[in-house]
Every structure is written in structure tokens, then in C-alpha cells.
Amino acid sequence: ENADELALSSGKNALCARLPRELWGQTDSLFAEAGESELSAVSSVLKLLFRTARYADMKTAAADGIAAVAVDYINRRIQEPITVDDICGAVHMSKYHFCRRFKAMTGLTPMAYVLQTRLALAKDMLRRTEESVLRISESCGFGSQAHFCRVFRQATGMSPLQYRKQK
């Protein structure tokens, strides 16, 4: 569902960018058939469409930048407790707008992204190291070993030790 929404949003941006170019390609026939007042109206519409296309491109680039700053913030502080308010402060946005934009760009809520990142780090540590489960849970920013084991089992269907043994 979120991927469909993102594709629809991308499709709208692509249409905003493509439409002025398609109309521009038809201007010769429009100008040949139009009077002076009609030419002025067509010119105004084309200017508006080009501005809309530029705005759509800028808006997409800004959203990409916001997501990149947020992801960088999360990755640098993955071992620490992180809240949505912390991330919003880093990107200088309200909670509502940030969460909406982040989810549109990544398909995940900010906290789901944090959890996914922590679990990926934990899986990597379980495969590569012989660190204790307690040490890994602390290194990955989980509040307690019990919480880590519960979340890990929900995500993978096995305990951290079972996961390590299967490597």
C-alpha cells in the first residue's frame, strides 16, 4: 500500500515534469491557430506549468535531503536512545510533517526504521563476533536484553542464540 502511494506520488511528479514539455512540443500548432490574446493565455499557461514542474522537482529533492539527514542522524546515534522528537530536531521539522515525509520516502515510520537498523546491526554482530547477547543488545541501543530478545524473536522467528548457531 505504501509503495503504491509512493509510486502514485512519483507518477504525479513525473506528470508535472512531463506535461510542460509535451505542451511545448505542440506550441507551433497552437501559435499557428491562435490570435494574439490566445497566444498570451497559452504563454501564461505554459509558464505556470514550467514553474509547477520545477516546484515538483525541488520538493522531491528536499524530501530526499530530509530523509538523508534523518537516516544519517539515526545511524550515528544507533547505540543511544532515539526518539522521533530527537530526529525532528535534527531536521528542523515538526513531528507531523517529518513523519509523513519520512514514511513517504522510506516506506517506514522513523521508529520502525530505527528498529530495523538496530536489528540489522545485531544480526551482523551475532554472525561476526562472539560477543554476549547482553553486550550486543547494549551495542545496538536496546534498553534491555529481554527487550532485545523479544523484538529479535518477533522479527526473525528465533532467539539471538539460535540465529548465531545457524550462521
Side-chain angles (χ1 to χ4, degrees), residues 1-21 49-167:
E1 179 181 348
N2 292 331
D4 291 340
E5 288 175 11
L6 186 57
L8 181 60
S9 175
S10 297
K12 287 178 184 175
N13 286 344
L15 177 63
C16 286
R18 191 179 71 241
L19 189 58
R21 290 179 191 92
L49 288 171
F50 276 114
R51 287 185 182 137
T52 302
R54 277 197 309 246
Y55 174 75
D57 290 343
M58 290 184 327
K59 189 175 175 185
T60 300
D64 287 343
I66 289 164
V69 170
V71 165
D72 181 58
Y73 179 88
I74 291 166
N75 290 339
R76 285 185 288 117
R77 291 171 175 77
I78 200 66
Q79 296 177 325
E80 305 168 13
I82 300 172
T83 66
V84 174
D85 289 331
D86 295 335
I87 303 167
C88 291
V91 297
H92 310 290
M93 289 183 74
S94 74
K95 193 177 205 176
Y96 171 78
H97 285 100
F98 168 72
C99 289
R100 200 168 44 88
R101 280 196 176 170
F102 189 86
K103 187 166 185 176
M105 295 305 296
T106 65
L108 297 168
T109 65
M111 293 315 294
Y113 180 85
V114 169
L115 183 61
Q116 179 180 306
T117 303
R118 286 181 171 158
L119 285 170
L121 179 60
K123 288 177 185 178
D124 184 57
M125 289 181 75
L126 286 165
R127 280 191 302 267
R128 288 185 311 102
T129 71
E130 293 301 320
E131 291 281 340
S132 70
V133 172
L134 174 62
R135 180 72 185 116
I136 290 173
S137 70
E138 291 170 349
S139 296
C140 295
F142 288 94
S144 69
Q145 181 179 346
H147 179 245
F148 167 63
C149 290
R150 184 173 54 255
V151 169
F152 193 90
R153 184 179 296 275
Q154 286 173 342
T156 64
M158 60 183 81
S159 72
L161 290 177
Q162 290 170 326
Y163 184 86
R164 175 178 271 164
K165 287 179 185 175
Q166 75 157 11
K167 67 176 176 172

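Atoms considered below: every heavy atom in the structure, side chains included; atoms not considered: hydrogens, waters and symmetry mates. When a residue number appears, it is its place in the shown sequence, counting from 1. Keep in mind that what you see is a predicted model, and the values were worked out from it rather than measured.
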Taken in chain and number order and not counting sequence neighbours, the residues that satisfy side chain to side chain donor-acceptor pair (under 3.5 Å) with Thr83 are Asp86
Criterion side-chain contact (heavy atoms from CB on, under 4.5 Å) on Phe152 and Leu126, from CA distance to verdict:
CA-CA 11 Å; Phe152 193 90; Leu126 286 165; 3.7 Å; yes
**Request:** Please examine the side chains of Ile74 and Arg118, heavy atoms only from C-beta on, and report whether any two atoms are closer than 4.5 Å.
**Result:** no
Minimal heavy-atom distance between Val91 and Ile66, with the atoms involved, is CG1-O, 3.8 Å
message: Pairing donors with acceptors under 3.5 angstrom, does anything connect the side chains of His97 and Ser94?
response: yes
When rounded to the nearest 0.5 Å, the distance separating CZ of Phe148 from CG of Leu119 is 7.0 Å
Taking every heavy atom of Val69 against every heavy atom of Ala90, the minimum-distance pair comes out as CG1-O, 4.1 Å
Taken to the nearest 0.5 Å, the spacing of Thr156 OG1 from Tyr163 OH works out to 8.0 Å
Are the side chains of Phe102 and Val71 in touch, meaning some heavy atoms are under 4.5 Å apart?
yes
task = Flag the pair Pro110 / Cys99 as yes when at least one side-chain heavy-atom distance between them is below 4.5 Å, and no otherwise.
result = yes
Would you please test Phe142 and Leu134 for side-chain contact (heavy atoms from CB on, under 4.5 Å) and show each step?
CA-CA 10 Å; Phe142 288 94; Leu134 174 62; over 6 Å; no
Contacts satisfying side chain to side chain donor-acceptor pair (under 3.5 Å) that involve residues 134-143 (not counting sequence neighbours) are Arg135-Ser139
So CD1 of Ile136 and OG1 of Thr129: to nearest 0.5 Å the spacing works out to 4.0 Å
Minimal heavy-atom distance between Ile82 and Met111, with the atoms involved, is O-CE, 3.3 Å
All heavy atoms of Glu131 vs all of Arg164, minimum pair found to be O-NH2, 2.7 Å
